[in-house]
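The structure under discussion appears below in the form of structure tokens.
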Amino acid sequence: MLRLLLFILFLCSTTPICAQGNPIGVVSSAHPLASQAGAEILKNGGNAFDAAIAVSSTLSVVEPFGSGLGGGGFFLIYDAASDRYSMIDARERAPLNSTADLYLDNLGNPIPRLSIDGALAAGIPGLPAGLAFLNGNYGTMSFEETLEFAFKTAQDGFIVDERLQDRVYSQWERFNDEAKNIFSSPNDEPIAAGEILVQEDLARSISMISESHARDFYEGILSITLLEATQAMGGIWTAEDLMDYEIIEREPLIESFFGHNIISVPPPSSGGIALFQMLSMLNQLDYFSLNSTDQIHVLIESMRRAYRDRAQYLGDSDYVDVPMEMLLSERHTNESLNDFDMNRASNSEPMMLDEADFQEGMDTTHFSIIDQFGNIVSATQSINYNFGSGMIASGTGIFLNNEMDDFSIKPGYPNLYGLVGSEANAIAPGKRMLSSMTPTIITSEEDVMAIGTPGGSRIITMVMLAILDWIENKSVEQSVNHLRIHHQYLPDMLQIEPGAINSATINDLRGRGHEIEELENNFGNMFAAAKKYQEDSYSGAADFRGVGSVLIVYD
Ligand code: DON
């Protein structure tokens, strides 16, 4: 916290971002340098989409464990000029040579960690194409200008903080030699806090992406380097995979709940559907009129039911028929709640899927931006697990993602986050793996907030809890810092952050039949940006669980 304050003081004394004038926007992201990159763009007259490119690319440099150019993401945007919401889908795709049984042995059993470690775990990246798409369709500045901050930060280096140090240390054994070389101190030890991390190869890749408007990544020298490297590491990418990669612009899901308009992401994210299903159930059960213990019971039961549907029905809607209308219908909400009992926990047995342990979802990253023109960006991007597959493609400085693990590699077999799936999320060539990333925007006549977080399977419930606070008129900070609870159908267990529920309530809930795990650590890393229309004022919040920052930008 102290470091953050010092940083802001430093920023205010050295740059005009904090100079008082009229507020012209807000940037909220998981790393102070990424927020600075976005704020400088807004300050220089760029719009939220220009700033998004700067923030996204800088996060790839300063938070290399969370997201990167070798990964993907979803950009949920509001374009004020056309008064239109849109979702830019830069999600990774399965390589064309992949098959439904890619990670199974001859007996049909999953081969441990094959979808997690190494080049075979990597989907075809979408982030470089996503940034070029944003620039080409919504940006006002040159691509080079928006990528300049990331380029410089990779080229000149930046000071490693404890968070990065700890991640490097914990994942060291998974790194290939290329990654170890880049992330080591001169004495060949994992790089430590206080040292400068220079990423020359990554700087060169950013510059190639910048000069070619990302074409080089998909059909140029960089693509050849990437292909050679992945193939040498046992990957199955082909030139056709990279050439065929396409950004898809999708219609977001938009629905009104409790007097607010909520805009969220459609498949291949499960986020919007699950979020809307849960809110529909809460609405049906008159959530806001309940006492606090009943509220938690109702939250758990709505989470359970939405995640059951997620497991059964959701996948890439370009490949499988996702019955969205049915899932979001009032009739389905009512049917789902048929067996709801305020005094008894339901159980998660009926689907007979395997149970699994959770992995801490510590990676992935979210940022939110609002500009003076009324544009909004709510973006979550990922390489999946910590440093993705742990492999840097030789000569590129780019970590390969391990997003293939988000597919259901066998029906009912849990992934890293304990999520199970069905045929709907089975691997197929070119298909996008189901995601939980839930960048969301919530508006009313008075205000708007853009919000999202990393956290694997828990993302969707975290976003919902924050939205419920916002609906209750809590501040953006309160909404983001809310202590969290999570249920995901399987394992049949409520997870709670330390202090999230008092012990009398825990006992009451246990009495109703809920299994409760009191976690030792917090989870999530949420970043929100908000605007009040009448006052023309901006605010934002950076999760107390992380090291990110909010910058309000003045003209
Ligand atoms: O797309 C997804 O749902 C996951 N790949 C997100 C991973 C994640 O959030 C990791 N951790 N915090």
Side-chain angles (χ1 to χ4, degrees), residues 30 59 63-68 70-76 87 89-94 115-116 121-127 130 163 166-167 170-171 264-275 306-307 310-311 314-316 358-367 379-390 399-409 414-421 425 427 431-440 451-463 484 486 488 495 497 519 521-527 543 545-548:
L59 286 169
E63 247 200 340
F65 49 84
S67 70
F74 300 125
F75 298 82
L76 178 68
M87 189 262 246
D89 173 354
R91 182 69 162 165
E92 299 90 336
R93 299 174 60 184
S115 61
I116 297 169
I124 306 304
L127 200 66
R163 188 160 165 260
D166 294 349
R167 299 300 174 86
S170 75
Q171 300 302 310
S264 196
V265 283
S269 177
S270 59
I273 293 179
L275 178 65
Y307 277 79
R310 182 194 194 281
L314 301 192
D316 180 350
F358 282 75
Q359 275 280 334
E360 287 289 319
M362 297 290 284
D363 318 296
T364 303
T365 197
H366 178 88
F367 60 90
T380 312
Q381 60 185 39
S382 181
I383 50 174
N384 197 24
Y385 194 54
N386 244 326
F387 294 101
S389 64
F399 271 106
L400 303 178
N401 67 80
N402 61 354
E403 217 75 64
M404 290 295 283
D405 190 62
D406 276 348
F407 277 116
S408 169
I409 65 175
N415 77 353
L416 260 179
Y417 308 106
L419 290 168
V420 290
N425 188 31
I427 302 170
K431 190 176 174 184
R432 283 156 149 90
M433 54 297 278
L434 187 63
S435 174
S436 301
M437 293 187 287
T438 315
T440 297
I451 193 162
T453 179
S457 56
R458 299 172 179 143
I459 292 174
I460 315 169
T461 55
M462 288 192 250
V463 169
R484 296 162 180 157
H486 173 74
Q488 61 180 46
Q495 298 197 315
E497 283 192 307
L519 300 175
N521 297 315
N522 292 101
F523 58 84
N525 198 20
M526 185 173 272
F527 294 91
D543 204 317
R545 300 157 183 88
V547 303

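Each ligand, and each atom within it, is numbered from 1 in the order the structure gives. This one's a predicted model, so the numbers in the text were calculated from it and none came from an experiment.
You'll find the side chain of S270 stays beyond 4.5 Å of the side chain of Y307, heavy atoms only. Side-chain atoms of I427 and M404, non-hydrogen and from C-beta on, do get closer than 4.5 Å to each other.
Contacts between Q381 and ligand 1, counted as non-hydrogen atom pairs separated by less than 4.0 Å, are absent for every part of the residue. With a 4.0 Å cut-off on non-hydrogen atoms, I459 touches ligand 1 through its side chain and not its backbone.
Formation of a donor-acceptor pair under 3.5 Å by the E497 side chain with backbone atoms of N522 is not found in this model. Counting only distance, with no hydrogens or angles, the side chain of S389 and the backbone of L400 share a donor-acceptor pair below 3.5 Å.
Using a cut-off of 4.0 Å between Lys/Arg side-chain N and Asp/Glu carboxylate O, E63 and R167 are scored as not salt-bridged.
Close contacts of ligand 1 with Y417, meaning ligand atoms under 4.0 Å from a residue heavy atom, involve 7 (C), 8 (C), 10 (C). Near R91, meaning under 4.0 Å from one of its heavy atoms, ligand 1 places the atoms 1 (O). Each of the following atoms of ligand 1 lies closer than 4.0 Å to a heavy atom of E403: 1 (O), 4 (C), 5 (N). Of all atoms in ligand 1, numbered sequentially from 1 with element shown, those under 4.0 Å from a heavy atom of D363 are 9 (O), 10 (C), 11 (N), 12 (N). The distance from ligand 1 to the heavy atoms of M437 drops below 4.0 Å at these ligand atoms: 1 (O), 3 (O). Proximity to T364 (heavy-atom distance under 4.0 Å) selects the following atoms of ligand 1: 6 (C), 7 (C), 8 (C), 9 (O), 10 (C), 11 (N).
For T453 and H366, the side-chain atoms include no donor-acceptor pair closer than 3.5 Å.
Using a non-hydrogen distance threshold of 4.0 Å, M433 does not register as a contact of ligand 1. Remark: distances from the non-hydrogen atoms of Y385 to ligand 1 are all 4.0 Å or more.
With sequence neighbours excluded, the residues forming a salt bridge (Lys or Arg N to Asp or Glu O under 4.0 Å) with D89 are R250, R432, listed by chain and number. With sequence neighbours excluded, no residue forms a side-chain hydrogen bond (donor to acceptor under 3.5 Å, both in side chains) with R93.
Considering backbone and side-chain atoms alike, L434 places every N or O at 3.5 Å or more from each N or O of ligand 1.
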